Each structure stands twice: as structure tokens, then as C-alpha cells.
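Below is one structure, written out as C-alpha cells, with a few remarks after it.
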Number of protein chains: 2
Amino acid sequence: MALSLHEPVHPQLGPWLDTVVCGDCLEVLSRLPAGSVDMVFADPPYNLQLRQELHRPDASLVDAMDESWDQFASFADYDEFTHAWLAACRRVLKDSGTLWVIGSYHNIYRVGCALMDLGFWVLNDIVWVKNNPMPNFRGVRFTNAHETLLWCKKSEESKGVCFNYQDMKLENGGKQMRSDWYFPLCTGPERLKDDAGNKLHPTQKPLALLERAVKASTRPGDVVLDPFAGVATTAVAALRHGRRFVAIEREPYYVRAAHARLASELEPVMPLLAAAGA
Amino acid sequence: MALSLHEPVHPQLGPWLDTVVCGDCLEVLSRLPAGSVDMVFADPPYNLQLRQELHRPDASLVDAMDESWDQFASFADYDEFTHAWLAACRRVLKDSGTLWVIGSYHNIYRVGCALMDLGFWVLNDIVWVKNNPMPNFRGVRFTNAHETLLWCKKSEESKGVCFNYQDMKLENGGKQMRSDWYFPLCTGPERLKDDAGNKLHPTQKPLALLERAVKASTRPGDVVLDPFAGVATTAVAALRHGRRFVAIEREPYYVRAAHARLASELEPVMPLLAAAGA
DNA sequence: CAACACCGTGAATCGACAA
DNA sequence: GTTGTCGATTCACGGTGTT
């Protein structure tokens, strides 16, 4: 798939470019050339620890996140996993590249500590403020109404980081874009459903969130890597803004859904691509 | 100072109660009885000036090391400091008590990781969104427009945590209080100035922020501990809402300012206290 | 057709107490 | 430690169906 007319990216990225690879992210990352991607966006497992069923005040049951891939036996296990994928991403990142990670309070403090230990240098932390979060049904805590993103460069000394300041300022009505971002949850037609009409992926992120990260920190033709691609929201954001992508997802079910989503995304432009190739 | 008509608090807290103690927080905390405070609010230092305060066995050796080692060493120093004061606070906290920490991306990820490692259990992370943050003058990052607070109980198994759900709901116009809090920076008349008219303390927090934390997580008569009291904003918030406090500050200059602030805060009610005591 | 009512649902670490 | 009882507890939005 040649989706861009820009300068060719790293020559050895070919087999992995602009597609969703099915496989373990550490294994796939080990085969990618070092210094070959411009930006990483990672939405790793959050390590939620749900102890019991939760009912709404009307006695209905909350459809909780209980996927096996989100379970870790201990902090030590989670930290080891985190160090491994962060180090692997750092290797394939260009020296001028940046890395984004999104998480909640369950994991983001451990992730933040790990990436600093690995030499990453935090540029900003960003809060995604949700206008429509799930309430706290028991009334025992504050409504958990935000998630956190960390945006980092490869090291304190890294030069040439891309930040499209003017684009962001324009998008924010002429004022500097701030560290608080307001987006609704991914619901309605944007939320992918399975044949039974249930949500296809438990944690699909809003496309607008990914688009902002992509537009802020990459140029057209740049390569975006997503090591936990899920249903490939990052890839769609990259496509829509003329960026290349490398997407890795371990679960075949999500990979199939991602391929279908990307095909549907590309359908309107396929005739143009065919004409350009002919 | 007997400022409350509630049940007496822990009998051995007497000498430290309702005043600002000048001293090293670890030293003072070591003399406080275990399980004697209901809530801790901490605004720890996160500047690298800490590097100089902590002892290095061989400074010349450090200077010879490369930057990554130095960075690691400074993280290790900061982590050691963080573990020490968090553990000391945990000891004096009641089993049903909670701890708040405020920080920015420079330190909050390390603090969050440390407190989880010590057994604290996160109840919420809160973002203080500033409506008037300092812009990013060079236009190379997003405007850093928020700080983060962590609210934790002593352990996962802790029972009886105080959360004044209805008060918070009322304060939020009848809807659940969320994890995003909106307060302006501490400026204007609220910001303490020295004789030359310069700001007295570099990081004075808005009183309204402290008041919300105090009102949310303590009852009247409860004891609030602030191990890095600065100019005693936490103490003022406690006073105004009928809570007792233990405040520790190492720098005599800030302690004097805090004493003056508290005296000024109490001035209107001193006649009443005198009459009650007579 | 417009307005309104009703229902479903979203990354959730969501009791206390007595027997 | 386990089990059972009692009690307190939800916001925004989209989709569907009714008036």
C-alpha cells in the first residue's frame, strides 16, 4: 500500500508499513530497524484490579473490563512488562522522535516512573477530560472523569522534536493549546460493534483524541507506531492526516476488525490510488 | 490553643497541635505518635536543589560521572527522600485516614509509584486545572495548565475512610464532584508578599483548593497534618472549617510568615476564645 | 413532523457490620 | 476469613419509541 507521495521512509520498514501486524509487540518490535519511527502512541493495558461486581443504583450490572490481557499478578510483573515495551519502542524511535502513553491512575504513575528511568524526558502531561464519564455509583469517591497522557522525547538532550505549535494554536481558537483536552467518550456511530451489537473493543479511544496527538507531534509522511493497536484508531488518525503507520496488535479478533475498519476508511480513495498506480 | 469544642484528639499530640513547628519533617514526624492524624496533605519539594540537600558520599566522583548516571542518581535520591517522608506520614496516619499529595509532571509520577509501593491505595487522582496558567513562551510545548493531586487510603484493606459525598455534591451544584477541579492560581490579595512586595513563597497554593480537600476528606475536629507547610495554607483551611492541624516547615523564614498569617487569621475570633477561656 | 419519554451504557481498582 | 443483611447510591448522550 503506497498511501503517501512523500519521501520514502526508512527502507527496511516496508513489510510493516501501513498495515496492522498480528503478533506480540516485543517480538515484532525486535524485528523493526532502530531509529525508524517518528512517533509512538501507546495505549497499554491499564492493570485494572476489579474486586467484585458493581451494580448501578437501579440494580443493573456494570459491564466491566475483565479481559485477561489486562491482568497482572503484581506491581513487579507490570513494571517488568512496562520497562520491556518502553525500551523496545525507544530503540525503534528516531532521536528526534516522541512517545505518547495514555493511562489512568491505575497504571500511569508506574508508566511515568518507568519511562523516566529509561531516559525519556517528559515534555508535557496532558489530561483528557471527559464530559460524559461513568458516575461513581456508590458515592464513595470523586467521579473518575479524566485520563492522563504523557508526551516525551527520547532523552533530555534530544533535538529537533516536532511540535506544530501554530496548528495547535489555530485549533484552539488562536490561543496556545493547553494541557487540558476536552473530548467525549467514544460512543455512538464511532464506537465499533460486533455482530450482536455489543462493543467490539472494551477501550476504544475517541478518534479526535488521536488526531490531536498526531497533528501536534508529527509531519505529513512521518511514521507513527502503535504497539497496542486494538482496533487501530491511531492508524486511522495517521491515515486521515497523511502520516504512515506501523500498528501491532496481538489479538487476532481485534486485528481482523482493524483491517476491516481500515478498508472501510480507504474505500472512498481506492479508485484514486489505483489511478495513481496505473 | 484550644480551637475546637470537639472530642479531644490523640492525647500525645498536644505540643504539636494547632501550630506550625519549625524543623525537619522526618525528625518531627518521628516524635509524633503512630495513628494520630486523620488526614495528610503534602506539597513536597520537587526542585533539583534537593540534590544539594541530600548528602552525597563523594561529590567529586559524582562530577566525573556521565549525565545519565547523574540523572539516575538524582532520581534515586529523590525516590529515597520520597519513600522516607511517605513512610513517616503513613506511620502517624490512622488506619481510616487518607493522604493527599500534590505535584506536577516533574515529580508526581515518582511520588505516585512510591506511595503505591508503600502500600497506599489510590482512591482518586485529581487534576487542578488552572484558568490562568503561565503560557509557554517559547511555543515548544503545550501550556502546562494543570497540576495533579493523588488521594489515597492507607492500604487496600482500610475501612472507614471519610468522604463527605453529599457536601461535595452540594458544592458542585447538585451533581457528583468530579476529578477535574477548576481554581485560579493564588494571586492578588491572597498571595502573601514580603516587605519589598515580592511573593513571599514561590509555590503558595490557592486556599480554595485546600479547603476542598479538607472539606471532602475530614470531619470537624479531625487532625490534618502538613509535613511541608510552607506558609500554612493547609492550616488556614483547617482552621476555617473547624479542623485541628499539625504543620511542619523547615525554613524559619516561612515559619515566621505562617505564624503571622495564622495570627491574622485568628484575630477576629481571639476575643471569643478569651471569653470562652475565662 | 416535532417534542418528549424512556432506556441502555461507558477503562470502575466504588460498604459496614454482625454472626 | 466467610456469609448474610441492611442500606445508600448515577451523569451525559445516543438510540428508540410514543404522543
Side-chain angles (χ1 to χ4, degrees), chain A residues 42-75 78 101-111 127-149 182-194 196-206 209 228 230-231 233, chain B residues 95-96 98 112 115-116 119-125 150-166 168-169 172-180 216:
Chain A
D43 184 9
Y46 283 15
N47 193 24
L48 297 185
Q49 308 200 0
L50 309 174
R51 302 304 196 219
Q52 60 204 0
E53 291 187 334
L54 177 65
H55 294 267
R56 302 170 193 273
D58 67 3
S60 67
L61 184 64
V62 172
D63 179 18
M65 241 294 293
D66 57 354
E67 318 296 314
S68 61
W69 49 258
D70 197 54
Q71 314 286 322
F72 292 83
S74 66
F75 284 149
Y78 189 76
V101 193
I102 184 169
S104 69
Y105 68 85
H106 311 86
N107 70 322
I108 198 66
Y109 298 94
R110 308 203 77 84
V111 170
V127 287
W128 165 30
V129 181
K130 308 171 184 182
N131 61 329
N132 53 346
M134 186 182 300
N136 185 285
F137 297 117
R138 301 295 295 269
V140 291
R141 301 186 182 185
F142 299 97
T143 307
N144 190 6
H146 74 278
E147 293 186 30
T148 301
L149 297 96
Y182 299 82
F183 295 108
L185 292 171
C186 180
T187 60
E190 186 186 331
R191 188 72 189 242
L192 298 181
K193 304 292 198 317
D194 64 16
N198 301 312
K199 59 187 175 189
L200 202 149
H201 191 281
T203 68
Q204 185 181 344
K205 295 292 177 291
L209 178 75
F228 308 101
V231 289
T233 307
Chain B
D95 286 344
S96 61
T98 59
L115 62 83
M116 291 167 82
F120 283 104
W121 194 252
V122 177
L123 295 166
N124 281 110
D125 61 347
L150 282 163
W151 182 44
C152 319
K153 57 180 181 176
K154 198 166 170 179
S155 76
E156 184 181 357
E157 299 77 26
S158 302
K159 305 293 182 193
V161 163
C162 173
F163 176 55
N164 297 309
Y165 175 76
Q166 293 294 347
M168 289 295 104
K169 187 172 174 177
N172 194 40
K175 285 181 282 191
Q176 284 191 343
M177 185 69 80
R178 299 166 31 119
S179 59
D180 51 330

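Keep in mind that this is a model prediction, so the values were computed, not measured. So you know, we letter chains A, B, ... as the sequences are listed, proteins then strands, and number each from 1.
As judged by a 4.0 angstrom heavy-atom cut-off over every strand, A/Pro206 is placed among residues making no nucleic acid contact. Counting non-hydrogen atoms under 4.0 angstrom, A/Thr203 reaches a base of the nucleic acid. Looking at heavy-atom distances under 4.0 Å, A/Gln52 makes contact with a base. Here B/Gln166 lies in heavy-atom contact (under 4.0 Å) with sugar-phosphate atoms only. Note on B/Asp125: nothing from the nucleic acid sits closer than 4.0 angstrom, heavy atoms only. In this structure, A/Asp70 reaches the bases: a heavy-atom distance under 4.0 Å links it to at least one base atom across the strands shown.
A/Lys130 contributes no side-chain N or O that forms a donor-acceptor pair with the base of C/dA11 under 3.5 Å. For A/Arg56 against C/dG10, a side-chain N or O and a base N or O form a donor-acceptor pair under 3.5 Å. With hydrogens and angles ignored, a donor-acceptor pair under 3.5 angstrom links the side chain of A/Asp43 to the base of C/dA11.
At the phosphate of C/dG8, neither OP1 nor OP2 sits under 4.0 Å from any side-chain N or O atom of A/Arg191. In terms of phosphate contacts, A/Lys199 brings a side-chain nitrogen or oxygen within less than 4.0 Å of OP1 or OP2 of C/dG10.
Of the listed nucleotides (D/dT9, C/dA11, C/dG10), D/dT9 has the atom at the smallest distance from the side chain of B/Tyr165. In the set C/dG10, C/dA11, C/dA12, C/dA12 carries the atom at the smallest distance from any side-chain atom of A/Val62. Minimum atom distance to the side chain of A/Asn144 is reached by C/dA12, of the listed C/dG10, C/dA12, C/dA11. Nearest to the side chain of A/His106, among C/dA11, C/dA12, C/dC14, sits C/dA12. Of the candidates C/dA11, C/dA12, D/dT10, the closest approach to any side-chain atom of A/Met134 belongs to C/dA12. Here D/dT10 is the nucleotide among C/dC14, C/dA11, D/dT10 with the atom lying nearest to any side-chain atom of B/Lys169. Side-chain atoms of A/Val140 lie closest to C/dC14 of the nucleotides C/dA11, D/dC11, C/dC14.
With sequence neighbours left out, the side chain to side chain contact (heavy atoms under 4.5 Å, CB included) criterion links A/Pro57 to A/Phe137. Take A/Tyr46 and apply the ring-ring contact (aromatic ring centres under 6.0 Å, His included) test, not counting sequence neighbours, and it matches no residue. Scored by the side chain to side chain contact (heavy atoms under 4.5 Å, CB included) test, A/Asp63 finds A/Lys199 as partners (sequence neighbours excluded). Listed by chain and residue number, B/Asp180 satisfy the side chain to side chain donor-acceptor pair (under 3.5 Å) test with B/Arg178 (two or more places apart in sequence, or in another chain). Partners of A/Asp58 by side chain to side chain donor-acceptor pair (under 3.5 Å), not counting sequence neighbours, listed by chain and number: A/Ser60. Residues satisfying the side chain to side chain contact (heavy atoms under 4.5 Å, CB included) criterion with B/Met168, sequence neighbours excluded, are A/Phe142, B/Phe163, B/Glu171, B/Met177, B/Arg212, B/Lys215, B/Ala216. In this view, B/Ser155 and B/Arg90, B/Glu157, B/Ser158 satisfy the side chain to side chain contact (heavy atoms under 4.5 Å, CB included) rule, not counting sequence neighbours.
Atom CG in A/Asp58 sits about 10 Å away from atom P in C/dC7, given to the nearest Å. A straight line from CG of B/Asn124 to C1' of C/dC14 spans 10 Å, rounded to a whole angstrom. In this structure, the CE atom of A/Met65 is 6 Å from the C1' atom of C/dA11, given to the nearest Å. Atom CG in A/Leu48 sits about 13 Å away from atom C1' in C/dG10, given to the nearest Å. The NE2 atom of A/His146 sits 15 Å away from the P atom of C/dA11 (whole-angstrom rounding). Here the C1' atom of nucleotide C/dC14 and the CE atom of B/Met177 are 18 Å apart, to the nearest Å. Straight-line distance from the CD1 atom of A/Ile108 to the P atom of C/dA11: 16 Å, rounded to whole Å. The separation between B/Gln176 atom CD and C/dC14 atom C1' is 10 Å, rounded to whole Å.
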With 3.5 Å as the limit, what N/O pairs link the protein to nucleotides 1-7 of chain D?
from: D/dG7; atom 1: N2; to: A/Arg138; atom 2: NH2; distance (Å): 3.1

Dump every N/O contact between nucleotides 12-16 of chain D and the protein below 3.5 Å, one line per pair.
from: D/dA12; atom 1: OP1; to: B/Lys175; atom 2: NZ; distance (Å): 3.0
from: D/dC13; atom 1: OP1; to: A/Asn131; atom 2: ND2; distance (Å): 2.9

Could you list all N or O pairs between the protein and nucleotides 16-19 of chain C that sit under 3.5 Å apart?
from: C/dA16; atom 1: OP1; to: B/Gly160; atom 2: N; distance (Å): 3.1

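When each of A/Gly139 and A/Asn198 is assigned the nucleotide of DNA chain C with its nearest heavy atom, A/Asn198 is the one assigned upstream, toward the 5' end.
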Walk me through whether A/Thr148 and B/Asp125 qualify under side-chain contact (heavy atoms from CB on, under 4.5 Å). CA-CA 10 Å; A/Thr148 301; B/Asp125 61 347; 4.3 Å; yes
From CA spacing to verdict: side-chain contact (heavy atoms from CB on, under 4.5 Å), B/Thr98, B/Leu123: CA-CA 9 Å; B/Thr98 59; B/Leu123 295 166; 4.0 Å; yes
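As rounded to the nearest Å, C/dA11 and D/dA8 have P atoms that lie 30 Å from one another. Taking atom P on both D/dA12 and C/dC14, the two are 23 Å apart, rounded to the nearest angstrom. Here the separation of D/dG7 from C/dG10, taken at their C1' atoms, is 26 Å to the nearest Å.
The line from CE of B/Met116 to OH of A/Tyr109 is 9.5 Å long, rounded to the nearest 0.5 Å. Interatomic distance, NZ of B/Lys159 versus NZ of B/Lys154, reported as 15.0 Å (0.5 Å rounding). With rounding to the nearest 0.5 angstrom, the NZ atom of B/Lys169 is 10.0 Å from the CG atom of B/Asn172.
Residue pairs meeting the salt bridge (charged side-chain N to carboxylate O under 4.0 Å, His left out) criterion with at least one partner in residues 137-146 of chain A, sequence neighbours excluded, do not occur; the list is empty.
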According to the Watson-Crick and G-U wobble definition with distances under 3.5 Å, which dot-bracket string, read 5' to 3', encodes DNA chain D, using [ ] for crossing pairs and | for pairs with another strand? .|||||....|||||||||
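A side-chain donor-acceptor contact under 3.5 Å links A/Lys205 to the backbone of A/Thr203. No side-chain donor-acceptor contact under 3.5 Å links A/Asn107 to the backbone of A/Asn47.
For B/Tyr165 and A/Asn136, the side-chain atoms include no donor-acceptor pair closer than 3.5 Å. No side-chain N or O of A/Glu147 forms a donor-acceptor pair with one of A/Ser104 less than 3.5 Å apart.
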